[in-house]
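Okay, structure first, notes after.
This is a predicted model, so every value here is computed, not measured. Per chain, numbering begins at 1; letters A, B, ... match sequence-line order.
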Amino acid sequence: MSDQQTDPRADKKTYKKTLNLPKTGFPMKANLVQNEPASLKRWDKLGLYPKLREQGGSKKPYVFHDGPPYANGSIHLGHLLNKVLKDFVVRTKTMAGYDVPYVPGWDCHGLPIEHKVMQELGDKAKDMQPIQVRRKCKTYAEKFVKLQTGQMKRLLTLADYADPYLTMNPRYEGAVLEVFADLVSRDVVFRGLKPVHWSIENQTALAEAELEYYDREDTSVFVKFDRVDGQGSLMIWTTTPWTLPANLAVAVHERYDYGEYEVNGQTLILAVELAKKVLKTDAEPKTTCKGSELVGLEYKHPFINRTSKVVAADYVTLEDGTGLVHTAPGHGVDDYQTGLREGLDVYCPVKDDGTFDDTAPDWLQGVSVWKANDLVVEKLRESGHLFHAEQFTHSYPHDWRGKSPVIFRATEQWFVDVNKSFSVPSAPGSAGGSAVGSSSGGSSGGAMRQRALDVTANDIRFFPEWGRKRMRGMLESRPDWCLSRQRAWGLPIPAFYPPEGVEGEPLLTPASVLAVAKLFREKGSDAWFLAPPQDLLQHYDPAGDTDAPPWAKSCDLSKLVPGADIFDVWFESGSSWNAVIRQRGLAKPDDAPTVTDLYLEGSDQHRGWFQLSLLPCLGSQGKPPFTSVLTHGFMVDREGRKMSKSGGNALDVDVLLKDYGADVCRWWVSSLNSDNDIKVDPEYFRLAGEEYRKVRNTIRFLLSNLDGFNFKQEKVHFEDADATSIDAWMTRELTKVSDTVLAAYDGFQYRKAHEALFNFCNDTLSSVYLTALKDRLYCDAPDSPRRHRTQSTLYRAATVLIRLLAPLLPHTADEAWRALTGNGDDCVHLLPFQDVDCMRQIPVSEDWGALMQARDTWLKSIEEARQAQGIDNPLDCGVRVPAIKDVACASFDLADLADLCGVSRFAFDDSVQTVTVDDLRSEPRCERSWKRDGTVKQRSDGGMLSDRDAQALGLT
RNA sequence: GGGCUCGUAGCUCAGUUGGCAGAGCGCACCCCUGAUAAGGGUGAGGUCGUAGGUUCAAGUCCUACCGGGCCCA
């Protein structure tokens, strides 16, 4: 006995075995990198996604639509953020009681893939037919869909990966054409001119990505454009003299100063700031004016019988030239925009082969543009319009394949007119073939732009709210939508041109488009490149189509010439509300104001997918595709700079998953304010891992103290007398955290949920409640009512907490849930959030708020006293405090309060003015609970024990 | 250059209609050793991007500027 008293280790040995110490199979170490893939397999085996669909039959649907990432490359941090946020939506809405079918998709067509494939093919590409290139592209896209699918699954995202949507699938292609047919029937699709980069060598349009810039020496000229009123000349500058025949305007900047200068008896007008450099003189201008005063001034073309006007444009600069910009809408993008605004023709006298057509002056007809440069200069010199010519070296675009210089040239393209009013037949919506041709009794009129502005202002919800402004600005400034591209890898625009020798508009009617749609649905769009025209139109009868152009009605279909244009890929992805949501029967009812509930993408998609889904949907259905638009920001590094592979500051998702696991990455995502820029650094994942461990350990403590406890059989029903118990307080806290987190989930505020959950684990549970419980959990008799009441509460905490965490930490929550139920086949993801209404019935003293607030000051006093009196262990302290105003102090269990302070004894004592800490070291210590309880005395086994501990051991 | 947006503690972020600058992490010091590669307590940290203005009072409203981001040009 004396040994036991002198050697504390002996105490341990004696009584440790008599305690109810925590025990669980839920390990402290998560080992996510190994265990998460195992979870994936288990969910696959269980059929989690299909099971949820079965369950969902009776539930209200929540229609959430995935925007398609591009099927190219490995996923990056932006995908991680986007996909995890989307998964939060899917999982929180599912657990909130909705049916949330979620079809992931990929954007498969388009230039980046075609470009990559062409690069890989190298010289071989030149001899290949479009269909051969397309097959390579398809294989390429499939490869990356597969790769990315695996990576997205690894992020533990829940989606219909068994049946994703691919924009290159036949059923998808058919559905896109059905949307297009609707737009055609609204009469908003037209053919117009637009300048594009044109390779003369390959006689094809090129995209920006297919250009390579090299230095090139050209003749630059300063040219005098004589004023119609004879009062001098406008001086312009250009490095492409061959574009002068297409000059239709001169642009000035309204705010710049322009001056009239006398040179060799002529009056020349140019920007004051550039006069010295151009005229090589210090002469002062005769007069000056603002550019705005020049607007409207008429001038004569130097060698064509034509007058044009000065217009204003804000892209005019004072870096080169004269401040007066030669404007040829057929030969430049800026020029084209200006031309549109000013109502100028998109005039382009240059043919496919780079020679001038018969609208050009006769001395240029048939001449190539490169030869024309010299001819034009010579002509200007002869007529006295040339002020100066010099060789000029500048960076100039070249065809990436042939390395030959390209030109800007207006070509015929397909457009959607966003300013033309149309009406939409009333429900049922078309985009499936029901409404062909014009229809009466449609919905209200208005052009696409105006309709889009209206719904943006009034009907759509934006998260964050400023998305509304951003969308509006982009809609206001957008031009007509150019739908066509001159490429191979895409969805063909199903237009047919008349046979050679026949004049007329191309055949493109609602019925002809739907006929091709039907064919594509059956055979895929490869048919366009394989089948003869009469087969492409096998579902079409021109004679019965009132919209068909006259020539087509009597034409032998086999003589038609299929067009070579494909759709802008944005039209394909912008039709996904039809090609995925409506086609799969997932849409909201036809009479609902929108097709889906939510689109969620990066904020760049205000211009991209959001807008380009909104426009076709308004055109086809007369209503927006989404009720709500949720956006997130972009990844930047810790200095706030953009992340890029070339910048060397990009993080690899595979590496992050390997180092931290998906749940930690997801926990990080949930911690973000994702409205705006998101700073990323490896360090932040380490910190997220630390927080994750904290949460995991808290759950582990809950589970480890529920070992052997059967909630259904042993749960304690709270009586009124329990209202002042610490367990009642915890129950109230549970309802609070549940309310907070569910409200945050409902409003997509995952950061708020994250914060509430972490603080609940870290503070409410770990620091306050669980710490206070240790004594009773470990030392009370295993089946004591007090311990059972606490375990009932622990169980409730576990079930509420684990389910709230499930959307954020799918693996860990699942693992914990199976540990809680003891059934390895259970799956928390098949359950709704825990209903806490039954817990609200449990009586709770309203005094707990004041007590918990007071606890902070008690702890501070205890700390100070321990420092002052040299008391190491708080269990060597007793605390006496004066009664708290308006609190029924007498009704509280002093043992609860002592445990909340971590001391051996607690009392309300009106004889003290302030918190008083007593040194209890002279009193005997219970060798089992280590508390200096007043009841400690020697027991029948010889140990010094308190009443409670003696009772627990059955000793007297 | 234009539209939208952001700048608060070392880090991540809260800060409603103007009313005494907050939380968590990290850090420092201490405790426990019966959650143990865990757990608890206490504490230090800020000229709210800069400069003006409105106001009794500004992180918050206004103006300009500086530095980021997205989308355009």
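Closest approach to the A:Arg641 side chain among B:G68, B:G39, B:C70 is made by B:G68 (side chain taken as heavy atoms from C-beta onward). Ranking B:A35, B:C31, B:C71 by closeness to the A:Met28 side chain, first place goes to B:A35. Of the candidate nucleotides B:C31, B:U36, B:U12, B:U12 has the atom lying nearest to any side-chain atom of A:Lys679. Candidate nucleotides B:U12, B:G68, B:C31 were compared by shortest atom distance to the side chain of A:Tyr684, and B:U12 ranks first. In the set B:U5, B:C71, B:C25, B:C25 carries the atom at the smallest distance from any side-chain atom of A:Asn762. Distances from the side chain of A:Arg470 to the nucleotides B:A73, B:U42, B:C70 place B:C70 closest. Residue A:Trp466 has its side chain nearest to B:U5 when only B:A23, B:U5, B:G34 are considered. Looking at the side chain of A:Lys694, the nearest of the listed nucleotides B:G24, B:G39, B:G34 is B:G39. Checked against B:A35, B:C71, B:G69, the side chain of A:Met474 finds its nearest nucleotide in B:C71. Nearest nucleotide to the side chain of A:Phe634, out of B:G40, B:G26, B:C70: B:C70.
Phosphate proximity of B:A35 to A:Lys774: present, with a side-chain N or O under 4.0 Å from OP1 or OP2. Between A:Ser477 and B:G2, a side-chain N or O to OP1/OP2 separation shorter than 4.0 Å is absent. Of the side-chain N and O atoms in A:Arg700, one or more sit less than 4.0 angstrom from OP1 or OP2 of B:U36. In terms of phosphate contacts, A:Ser603 brings no side-chain nitrogen or oxygen within less than 4.0 Å of OP1 or OP2 of B:G69. Listed pair A:Lys642 / B:G69 fails the phosphate criterion, with no side-chain N or O lying under 4.0 Å from OP1 or OP2. At least one side-chain nitrogen or oxygen of A:Lys860 sits closer than 4.0 Å to the OP1 or OP2 atom of B:G43.
For the pair A:Trp930 and B:G34, the ring geometry qualifies as stacking, because the centroid separation is below 5.5 Å while the planes lie within an angle under 30°.
The base-pairing partner of B:C4, taking Watson-Crick or G-U wobble contacts with both distances under 3.5 Å, is B:G69. The partner of B:U42 is B:A28, judged by Watson-Crick or G-U wobble contacts that both fall below 3.5 Å. Of the nucleotides present, none pairs with B:A35 by Watson-Crick or G-U wobble criteria with both distances under 3.5 Å. Of all nucleotides present, none satisfies the Watson-Crick or G-U wobble test against B:A9 with each distance under 3.5 Å. Pairing of B:A64, defined by two Watson-Crick or G-U wobble distances under 3.5 Å, is identified with B:U50. B:A58 is unpaired under the criterion used here, namely a Watson-Crick or G-U wobble arrangement in which both key atom distances are under 3.5 Å. B:U16 is unpaired under the criterion used here, namely a Watson-Crick or G-U wobble arrangement in which both key atom distances are under 3.5 Å.
Annotation: B:U47 and B:C11 have their P atoms spaced 13 Å apart (nearest Å). Comparing the P positions of B:C61 and B:U17 gives an interatomic distance of 9 Å, to the nearest angstrom. Separation of the P atoms belonging to B:A44 and B:G53 is 35 Å when rounded to the nearest angstrom. Here, B:C4 and B:G41 have their P atoms 48 Å apart, quoted to the whole Å. Taking atom P on both B:A51 and B:G69, the two are 24 Å apart, rounded to the nearest angstrom. Using atom P as the reference point in both B:G46 and B:G22, the two lie 13 Å apart (nearest Å). Between B:C20 and B:G15, the two P atoms lie 16 Å apart (nearest whole Å). Comparing the C1' positions of B:C6 and B:C48 gives a spacing of 14 Å, expressed to the nearest Å.
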Inset, instruction - Take A:His632 and A:Ser674 through the test side chain to side chain donor-acceptor pair (under 3.5 Å) and record every step on the way to the result. - result: CA-CA 5 Å; A:His632 56 77; A:Ser674 54; over 6 Å; no
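Distance A:Arg638 CZ to B:G7 P: 19 Å, rounded to the nearest Å. Between the NE2 atom of A:His253 and the C1' atom of B:G2 there is a distance of 11 Å, rounded to whole Å. Computed from coordinates, the A:Arg855 CZ to B:G40 P distance equals 10 Å when rounded to whole Å. Atom CG in A:Leu475 sits roughly 13 Å away from atom C1' in B:C4 (whole-Å rounding). If you measure from atom CZ of A:Arg478 to atom P of B:A73, you get 11 Å, rounded to the nearest angstrom.
B:G45 has its base syn relative to the sugar, with a glycosidic angle deviating from 0 by at most 90°.
Of the listed residues (A:Asp727, A:Asp780, A:Asn705), just one forms a side-chain hydrogen bond (donor to acceptor under 3.5 Å, both in side chains) with A:Thr790, and that residue is A:Asp727. Across A:Arg921, A:Arg925, A:Arg932, a single residue satisfies salt bridge (charged side-chain N to carboxylate O under 4.0 Å, His left out) together with A:Asp876, and that is A:Arg932.
You'll find the ring centres of A:Phe906 and A:Trp858 inside the 6.0 Å limit. Residues A:Trp481 and A:Phe571 bring their aromatic ring centres within 6.0 Å. For A:Trp609 and A:Tyr599, the ring centers sit closer than 6.0 Å to each other. Ring-centre distance between A:Trp668 and A:Phe685: below the 6.0 Å cut-off.
Mapping A:Asn676 and A:Phe701 onto RNA chain B via the closest heavy atom, the residue that lands nearer the 5' end is A:Asn676. Comparing A:Tyr778 and A:Asn673 by the nucleotide of RNA chain B whose heavy atom lies nearest to each, the residue mapping closer to the 5' end is A:Asn673.
Using a 4.0 Å heavy-atom criterion, one finds that A:Gln867 contacts the sugar-phosphate atoms exclusively. Using a 4.0 Å heavy-atom cutoff across all strands shown, A:Asp763 reaches no nucleic acid atom at all. A:Arg866 comes within 4.0 angstrom of sugar-phosphate atoms only, judged by non-hydrogen atoms across all strands, and of no base. As judged by a 4.0 angstrom heavy-atom cut-off over every strand, A:Asp677 is placed among the base-contacting residues. Among the atoms of the strands shown, only primed sugar atoms or phosphate atoms (P, OP1, OP2) are found under 4.0 Å from some heavy atom of A:Pro874. Heavy atoms of A:Ser704 sit nowhere under 4.0 angstrom from any nucleic acid atom. A:Leu859 comes within 4.0 angstrom of the backbone, heavy atoms only, and of no base. Nucleic acid contact class of A:Arg696 (heavy atoms, under 4.0 Å, all strands): none.
Both tests do not hold together for A:Arg666 against A:Phe88: distance to the six-membered ring centre under 6.0 Å, angle to the ring axis within 45°.
One distance of note links CZ of A:Arg776 with CZ of A:Arg786; it measures 4.5 Å at 0.5 Å rounding.
At a cut-off of 3.5 angstrom, the base of B:G24 holds no donor-acceptor pair with the side chain of A:Asn759. The base of B:A35 lies outside donor-acceptor range of the side chain of A:Thr24, with no N or O pair under 3.5 Å. Scanning atom types as modelled, no donor and acceptor separated by under 3.5 angstrom connect the side chain of A:Lys29 and the base of B:A37.
Inter-residue side-chain proximity for A:Leu757 and A:Val695 is flagged as unmet; no heavy-atom pair is nearer than 4.5 Å.
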